[in-house]
Amino acid sequence: QVQLVESGGGLVQAGGSLRLSCAASGRTFGSYAMGWFRQAPGKEREFVAAISVNRGSTYCADSVKGRFTISTDNAKNTVYLQMNSLKPDDAAVYYCAAKAPGYYSSDIYTRTYDYDYWGQGTQVTVSS
């Protein structure tokens, strides 16, 4: 099992940047595929970015491609989401997610039900 704690959210002006962090407990962080999702008020939780368990593949949603980057530091058990050129539409609660170790049919997972563990979320607000 793994526990996830996000940090780094806050208020930023449009065009600005933020880096979100997600610290994972446990000694098997390198065995989990990881993802970031977000949820705005009144909307469903949506996929933002994912990284494969071997950390060799990443994928971002079209809405953030070219602006957001997902990365990990396995030594620190941490996954990051670097967010640049932020827009008001990016405002949401951002969640980190981990897919439990086991048989993986794919490198990248983009659906909420693919993931087994979730953090509590961190709020990102973008002012126009």
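All residue numbers in this chain count up from 1 along the given sequence. Fair warning: this is a prediction, and the values are worked out from it, not measured in the lab.
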If you compare all heavy atoms of [X] against all heavy atoms of [Y], which two are closest, and at what distance to 0.1 Å?
X: V48; Y: V64; answer: O-CG2, 3.6 Å
X: A98; Y: V2; answer: CB-CG1, 4.1 Å
X: V79; Y: C96; answer: CG1-SG, 3.7 Å
X: S71; Y: I51; answer: CA-CD1, 4.2 Å
X: S85; Y: R67; answer: O-NH1, 2.9 Å
X: V5; Y: Q120; answer: CA-OE1, 3.7 Å

Discussion item. Before you tell me yes or no, could you show the steps for T122 and L20 under side-chain contact (heavy atoms from CB on, under 4.5 Å), namely the whole-Å CA-CA distance, both residues' side-chain angles and the distance that decides it to 0.1 Å?
Written reply: CA-CA 8 Å; T122 186; L20 305 184; 4.0 Å; yes
Worksheet entry | Over-ring placement of R38 relative to Y94, 6.0 Å and 45° cut-offs | no
Discussion item. Would R55 pass as a cation-pi partner of Y32, given that its NZ or CZ must be under 6.0 Å from the six-membered ring centre and within 45 degrees of the axis?
Written reply: no
Fill in: Residue pair L18, F68: steps toward the side-chain contact (heavy atoms from CB on, under 4.5 Å) verdict
CA-CA 10 Å; L18 281 175; F68 290 12; over 6 Å; no
Fill in: Spatial distance of atom SG (C60) from atom CG (L81) [nearest 0.5 Å]
7.5 Å
Worksheet item: Taking atom OG of S52 and atom CE of M34, what is their separation to the nearest 0.5 Å?
Response: 12.0 Å
Worksheet item: With a cut-off of 6.0 Å (strictly less than), are more than 12 heavy atoms of other residues, nucleotides or ligands near NZ of K87?
Response: no
Fill in: More than 12 heavy atoms of other groups within 6.0 Å of Q3 CD
no
Worksheet entry | Polar side chain donor-acceptor pair, N84 to S17, under 3.5 angstrom | yes
Worksheet item: Any side-chain heavy atom of S127 within less than 4.5 Å of one from V12?
Response: no
Worksheet item: Taking side chain as C-beta onward, heavy atoms only, is V124 less than 4.5 Å from D90?
Response: no
Fill in: Residues which pass side-chain contact (heavy atoms from CB on, under 4.5 Å) with A100, listed by chain and number, not counting sequence neighbours
D116, Y117
Worksheet item: Hydrophobic cluster mates of W118, side-chain heavy atoms under 4.5 angstrom, ILVMFWY only, any path?
Response: F37, F47, V53, Y59, V93, Y95, Y104, I108, Y109, Y115
Discussion item. Show, in sequence, the C-alpha distance, side-chain angles and deciding distance for T112 and E46, and conclude whether the side-chain contact (heavy atoms from CB on, under 4.5 Å) test is met.
Written reply: CA-CA 8 Å; T112 55; E46 66 174 1; over 6 Å; no
Worksheet item: Taking the side chain from Q82 and the backbone from T69, do they hold a donor-acceptor pair closer than 3.5 Å?
Response: no
Worksheet item: In the single-linkage hydrophobic clustering (I, L, V, M, F, W, Y; side-chain heavy atoms under 4.5 Å), do Y80 and F29 co-cluster?
Response: no
